[in-house]
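The structure appears below as C-alpha cells.
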Amino acid sequence: WQGVQRLAVADGRYLALSRKHGPMVEIVHLGSRDAGGERLRANRFGSPYSANAAPPAGDTVVKNVPQDPGYHHSGGMQAVGAVLAAGLEAGGKWRVAFLDVSDPTDPKRITTLKRGAGSAGTVSLAKLADGRYLLIVGRAAANKLTFFRSRQPGPITADTTWIETTTWHESQLRGND
C-alpha cells in the first residue's frame, strides 16, 4: 500500500487507497462505522488480537479506479473536499490524476497534470486563501519537492492549468545549501 486518504464526502465513511501494481485507487466503504465523519476507531477488538482477522462484513471495496495505460504505480495522495489528487508513475515518467469523488462509489476524472521524466511518489494538495490550489509533488523518494499553483482561482476543472513555481532539493530542506 502506498497511500490512504479518508474522504470528507457522503457520510464520511469512505477511504481511498493506492498501491503499486493495482488499480489507481480503490474506494472502500466502511459500512461498519458510524456516519458523520467522527473518528473511525479500531475494528479489531477481542482477545487475542489477530492482525489476520477479516474486516467487518460492512467494510467493502466499492470501486476500483483503473490505472492509466502505461502506468503501474500510484503513490501517496491527498483529498481536498471532493477532489482527490493521486500521483502516478511508470518507467521514469509521472503525472497527477485529479478525481471528483463527490460520489465515492463512482469517481470521475476531472483532469490530469501530465509531466515528463521523474517520479511522483507523493502528492499534496491544499486550497489557498485566494481560491487557487497549491500542489506539491514529492519526487525521488520525496527528496525533491516540486511546487505548482493553479493559474486561476475556483474549483479544479478540466480547464485548470498549473504553473510550476519552484523545486526544493533535499540539501535545501536540510539547510545544507
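Throughout, residue positions are numbered sequentially from 1 according to the sequence presented.
The ring-ring contact (aromatic ring centres under 6.0 Å, His included) pairs that include a residue from residues 65-119 are His21-His72, Phe98-Trp162, where partners are two or more places apart or lie in different chains.
The main-chain N or O of Arg13 is never found under 3.5 Å from a side-chain atom of Arg33 such that the two would form a donor-acceptor pair. The backbone N or O of Gly58 lies less than 3.5 Å from no partner atom in the side chain of Ser32, so there is not a single donor-acceptor pair. Without hydrogens or angle criteria, Thr165 side chain to Phe147 main chain gives a donor-acceptor distance under 3.5 Å. Within the 3.5 Å criterion, the main-chain N or O of Leu15 finds no donor-acceptor partner in the side chain of Gln5.
If you chain together ILVMFWY residues whose side-chain heavy atoms come under 4.5 Å of each other, Ile163 ends up in a group of its own.
The only member of Val80, Leu135, Leu125 that meets side chain to side chain contact (heavy atoms under 4.5 Å, CB included) when paired with Ile156 is Leu125. Partner of Lys63 under the side chain to side chain contact (heavy atoms under 4.5 Å, CB included) criterion, chosen from Thr105, Asp103, Asp106: Asp106.
With respect to Lys114 and Asp68, no salt bridge is recorded, no charged nitrogen being found less than 4.0 Å from a carboxylate O.
The salt bridge (Lys or Arg N to Asp or Glu O under 4.0 Å) test applied to Arg19 returns Glu26, not counting sequence neighbours.
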Salt bridge (charged side-chain N to carboxylate O under 4.0 Å, His left out) between Arg115 and Glu164, intermediate numbers included | CA-CA 11 Å; Arg115 301 304 281 187; Glu164 185 173 335; 2.5 Å; yes
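Looking at heavy atoms from C-beta onward, Arg151 lies out of side-chain contact with Tyr133 at the 4.5 angstrom threshold.
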